[in-house]
Protein chains: 2
Amino acid sequence: MSPTLEEVAQIAGVSRSTVSRVVNDHPNVRSETRAKVQEAIRESGYRPHSVARSLATNRTRIIGMVIPESVTTIFTDPYFPLLLRGATESCSAHQYQLLLSLFTSRDEENEMYERVLLNGYLDGIVVSSAPRGDTLITRALDDGIPAIFIGRHPDQSVPYVDSDNIGGARMAVEHLIRLGYHRIATITGRQDLSSGKDRLEGYQQALRIHAIPLDERLVAPGDFTQSSGTDGMRKLLPLRPDAVFVASDSMAIGAMKVIREADLRVPDDIAIVGFDDSPSALAVEPPLTTVRQPIERMGAMAVEILLSRLDGMGREPGQGPALTNRVVLPTELVVRASCGIG
Amino acid sequence: MSPTLEEVAQIAGVSRSTVSRVVNDHPNVRSETRAKVQEAIRESGYRPHSVARSLATNRTRIIGMVIPESVTTIFTDPYFPLLLRGATESCSAHQYQLLLSLFTSRDEENEMYERVLLNGYLDGIVVSSAPRGDTLITRALDDGIPAIFIGRHPDQSVPYVDSDNIGGARMAVEHLIRLGYHRIATITGRQDLSSGKDRLEGYQQALRIHAIPLDERLVAPGDFTQSSGTDGMRKLLPLRPDAVFVASDSMAIGAMKVIREADLRVPDDIAIVGFDDSPSALAVEPPLTTVRQPIERMGAMAVEILLSRLDGMGREPGQGPALTNRVVLPTELVVRASCGIG
DNA sequence: TTGTAAGCGTTATCAT
DNA sequence: ATGATAACGCTTACAA
């Protein structure tokens, strides 16, 4: 459809190389020639062919966003749209594109790894929400594919962006403690995800700081889904906690339903704090006190860091300052009615 | 990193073409040769280089999912994750990949159109949630880029997948009518989106069918956001409707907050029906009666249709039956407590 | 059945 | 400053 470099060259009466130089803004072109070529480009409607360019440069300007199978149950969380939006915005800003890979099975993950990752179509990947034990990112790194993780990763060599789940959870629980609650329970997130583990860790830290003994029975395991929130709350109810720190807003909403059905009131009978500050935190009654994390910024930063690394691999020696490879973004407590006013 | 076809050929003691044939499962290869080559492939860890292949075949096996700027305010709706999941699943099934393009401005849209769409990196695109007047899809079609729309599109030449918004809305309102409500208001969605327009159309149809005169004051304009739901309901409240059909669950939740704040009860004082059956429909109290649309299937079908078209353009003359180019998937009324039990 | 060779549209090196 | 020319790794007539 679009003419090739060669055809433009003919029109302008120069060589293909010269046209290429003009297209790529190389300095060494006489401005007369440049003008002539630009005219020919306009006239012919020339568009550079990205695939050909990629073959020659070994760069596609496409990075992958990879989300493993296991989170499929919580994929409707606003978390993912926000992450994607942050990531695509950073991509756009640098004229990169984002390829989305979701897996519904480990087999698919492997198949995709082979077919897409090792085949040169991606300049790098960001891996989000992978459970502990998922080897995708370390495999990629080992295979020399630039990669970054979203969430905390234990492996030294893995760069990542995370939000301060521990600090956020601790903040939330300490807030409850300050408010005078004594019997503070928690419904945890998936323990195979760093976010789930860290939010539990934050809960434990807060108790420890305030010398409150940890009662294991007050720790109900959840998996971030709303229904696991209802299950968790049902287990907790007979133990009569006066407050519950729930590791996600979805679960908190499930928990509040159970409380309501038991004819108890939030926060009068049981105070609730969630995590995420998702839009639904405002939809429930009473509005949910929750911990906000900068999801969009996490997506954006992950891409920025990845790209800075890619540029570092390019010819031009580091134009920007090298970004560090581990970033933990602060979380923030958003106080609403569900935790009481003290 | 990975060896080339040529190197594999050397190892196997055959020509590059033969290796290519084996890689691509061409029939005319002696099985001995095939075995020899396969061994060489295994031994050498050969991976076909997608970019090179794309240059030769003029196919990338990548399709774009394009979502225009304007929906950015409702992007956290579960709608988008579900759509993306459906789309990526269909892609995976055919060994295609999905490239995600979100725009935050019309300029970005144009820039991306030029840079990505016209430059050969995409075999086709699916455009979702574009407002009336957005020319991206027609432009693509005009430029010979296979494309499909999600939502209804007025232009004859534009293939699309939509859900039955009109029917769903009509069903919802007729349900309210059957339940005995007389003064049924509506909060509309964005009228520049076909879904918003069609849901209003369905509301009007239901009234017409039951010979209920349309009271324009009972039609409150919304834009699908929760806050527009609260605004709409505030306008409606003084008019004392006994039921409201709200064109999205998010808006319905906003509306319910207003009702609650006015010390009125759902459904006793005002019945509410939403649209989407998003997870939050279950989070509110009382649970929301709503119209379910098969979002994930829409994403999947859009991709299927697009790919069937792409194959049709390939060498092999139509292996599957040609899929029609306009599909409207059925919606379904999910009755819960918010509309009363009659 | 297999090999030869001509593309695909760029970039990049090396002369000039 | 510009032009040849050799890659980049693959597919695909066409020949043998």
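All figures in this text were calculated on a predicted structure; none of them were measured in a lab. Below, chains carry the letters A, B, ... as their sequence lines are ordered, and counting in each starts from 1.
For dC10(D), neither phosphate oxygen OP1 nor OP2 lies less than 4.0 angstrom from any side-chain nitrogen or oxygen of Ser20(B). Dashed line: the shortest gap from a side-chain N or O of Asn28(B) to OP1 or OP2 of dT1(C) is under 4.0 Å. One finds no side-chain N or O of Arg53(A) lying less than 4.0 angstrom from the OP1 or OP2 phosphate oxygen of dG9(C). Within the 4.0 Å cut-off from OP1 or OP2 of dG9(D), not a single side-chain nitrogen or oxygen of Thr4(B) is found. The side chain of Tyr46(B) places an N or O atom within less than 4.0 Å of a non-bridging phosphate oxygen (OP1 or OP2) of dC10(D).
The side chain of Asn24(A) approaches dT11(C) more closely than any other nucleotide in the set dG3(C), dC10(D), dT11(C). Relative to the side chain of Arg30(B), the nucleotides dC8(D), dT1(C), dG3(C) differ in distance, and dT1(C) lies closest. When the nucleotides dG9(D), dA4(D), dT10(C) are ranked by their closest atom to the side chain of Ala56(A), dT10(C) comes out on top. For Arg16(A), the side-chain atoms get nearest to dA6(D) when compared with the rest of dA6(D), dT2(D), dG9(D).
Here Asn58(B) lies out of heavy-atom contact (under 4.0 Å) with every strand. Val23(B) comes within 4.0 angstrom of nothing in the nucleic acid, heavy atoms only. Backbone-only engagement by Val14(A) is indicated by non-hydrogen atom pairs under 4.0 Å involving sugar-phosphate atoms exclusively.
The base of dA4(D) is paired with the side chain of Ser17(A) by a donor and an acceptor separated by under 3.5 Å.
The distance from the CD1 atom of Ile125(A) to the CZ atom of Phe149(A) is 10.5 Å, given to the nearest 0.5 Å.
Where Thr18(A) and His26(B) meet DNA chain D, the nucleotide closest to each residue was compared, and Thr18(A) sits on the side nearer the 5' end. Nearest-nucleotide positions on DNA chain C for Arg21(A) and Arg21(B) put Arg21(B) closer to the 5' end.
Closest approach of Ser163(B) to Val328(B), counting heavy atoms only: C-CG1, 3.8 Å. Nearest heavy atoms, Arg53(A) versus Val23(A): NH2-CG1, 3.4 Å.
Taking 4.0 Å as the cut-off between side-chain N and carboxylate O, Arg42(A) and Glu39(A) count as a salt-bridged pair.
Counting only N and O atoms by type, the side chains of Tyr121(B) and Ser54(A) include a donor and acceptor under 3.5 Å apart.
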